[in-house]
Amino acid sequence: MTDLIASVDAESDFIPAAKPLIGTDERRAVDGVLASGMLAQGAEVAAFEREFGATLVDDHDAVAVNSGTSALHLALLAAGVGPEDEVIVPSFTFAATANAVALVGASPVFVDIDPDTYCMSPAAVRAAITSRTAAVMPVHLYGHPADMTAIGALASSHGLAVVEDAAQAHGARWRGRAVGTFGIAGAFSLYPTKNMTAGEGGMITVDDANLDRLLRLYRNQGMERRYENEVVGFNLRMSELHAAIGRVQLRKVLGWTAQRQANAAYLSREITTIETPVTAPCAEHVFHQYVVRVPEDRDGFARALELEYGVGSGVYYPTPVHRLPSFDLDLDLPETERAAREVLALPVYPSLTKRQLDRVVRGVEALSRAGA
Ligand SMILES: *Cc1c(COP(=O)(O)O)cnc(C)c1O
């Protein structure tokens, strides 16, 4: 790696594909918790939940857990999804979406995506509904909201629960309404590479007091009062240390999002030789990833971008979830397959400088011209 970086021209340090921003205020917050000696779920977690609800999901309730995957898992459990049920999910996503379905004993039914937004196609959802369908899980992939108008209409006419996978979409909106507020529950991730982090962690957003209570029971051994376990539950609690980091990040996430959007607008203006991201007219895209399509030899393109220009990039995701050994289904999802071959995520995170953005543009333009 050192050799590769050294071979890049002198102006340049390597530009990674993603970069978590941790400041002295996050460190100070963690130190404060350590000094207090109160480390397990308590006042910091409760404050983080309130602030998350107010900042990102139009004052819906938020329940903190230890990961985005736990958030999805508990949301499905609390929605009563279980064995015999089918849940419609996109295959072009991180495996956690479908894992959560399988972990409650239900069957994920994989559908294709809209090639413009990379989110699940409402027409494909309609075609996949059966008498066993219990829920649909739109994923707001890359920070672009799924078509919640069409998916919401299908869900209400067929009596399906909607559980939103908003792991990549903190603050994204569809027709002005925050993701995480459309279904019976939304699930957010606070993993280090997401738009904000708590170190690790997740949030479930709900707008129903019974569901809220059930989620709180499930995350803590089924107890509201100690040693009075009401249901069988897990330990999926968030620690005070993680909540303290998350609270500091929450104060910055809206500004970071604006910077991601500005970076994305700059890249889309300057990149002219390759297909740049599409934003639906009624969507607010928060650019967790800035994804272009490279139709020929995407992996060679990514390698050259790194070696010749010192620009990192990422492929999310190279294998559709239905083809992973964990599911291994032979399905025909052509837009999912094409996206898995073509997508390439370029750096878009808020701390990029104009010089770095210009180097990304220069590399992409030169390589796509050379390949054309
Ligand atoms: C990150 C992610 C998850 C899982 O979140 P973790 O916090 O890593 O468990 C689920 N779905 C999608 C789409 C994700 O990107």
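Just so we're clear, the structure is a prediction, and the values are computed from it rather than from any experiment. Atoms within each ligand, like the ligands themselves, are counted from 1 in listed order. All residue numbers refer to positions in the sequence shown, counting from 1.
Taking a 4.0 Å cut-off on heavy atoms, E200 fails to register as neighbouring ligand 1. Between A100 and ligand 1 there is no heavy-atom distance shorter than 4.0 Å.
Applying the 4.0 Å criterion to heavy atoms of T93 picks out, from ligand 1, the atoms 13 (C). Atoms of ligand 1 found under 4.0 Å from any heavy atom of V139 (numbered from 1 in listed order, with element): 13 (C). Of all the atoms in ligand 1, the ones that sit under 4.0 Å from a non-hydrogen atom of G201 are 7 (O). Short contacts between ligand 1 and G68, defined as distances under 4.0 Å to a heavy atom of the residue, involve ligand atoms 5 (O), 6 (P), 7 (O), 9 (O).
Below 3.5 Å of separation, one finds an N or O of K194 facing an N or O of ligand 1. Between D165 and ligand 1, an N or O atom pair is found at a separation short of 3.5 Å. Residue-to-ligand polar distances keep A167 apart from ligand 1: every N/O pair is separated by 3.5 Å or more.
A donor-acceptor pair under 3.5 Å is formed between the side chain of R132 and the backbone N or O of E84. Using a distance-only test at 3.5 Å, with no hydrogens or angles considered, a donor-acceptor pair links the side chain of S157 to the main chain of A153.
The shortest contact between atom 15 (O) of ligand 1 and any protein heavy atom is with Q168 NE2, 2.8 Å. The shortest contact between atom 9 (O) of ligand 1 and any protein heavy atom is with T69 OG1, 2.6 Å.
In this structure, H144 has its ring center no closer than 6.0 Å to that of Y118. Annotation: F94 is not in aromatic contact with Y316 [ring centroid separation under 6.0 Å not met]. For Y290 and Y142, the ring centers sit 6.0 Å or farther from each other.
A salt bridge links K252 with E26: at least one charged nitrogen is closer than 4.0 Å to a carboxylate oxygen. Contact check on E51 versus R251 returns no salt bridge, with no Lys/Arg side-chain nitrogen under 4.0 Å from an Asp/Glu carboxylate oxygen.
Side chains of D58 and T181: a donor-acceptor N/O pair is absent below 3.5 angstrom, by distance only.
Within the 4.0 Å heavy-atom criterion, neither part of L141 lies near ligand 1.
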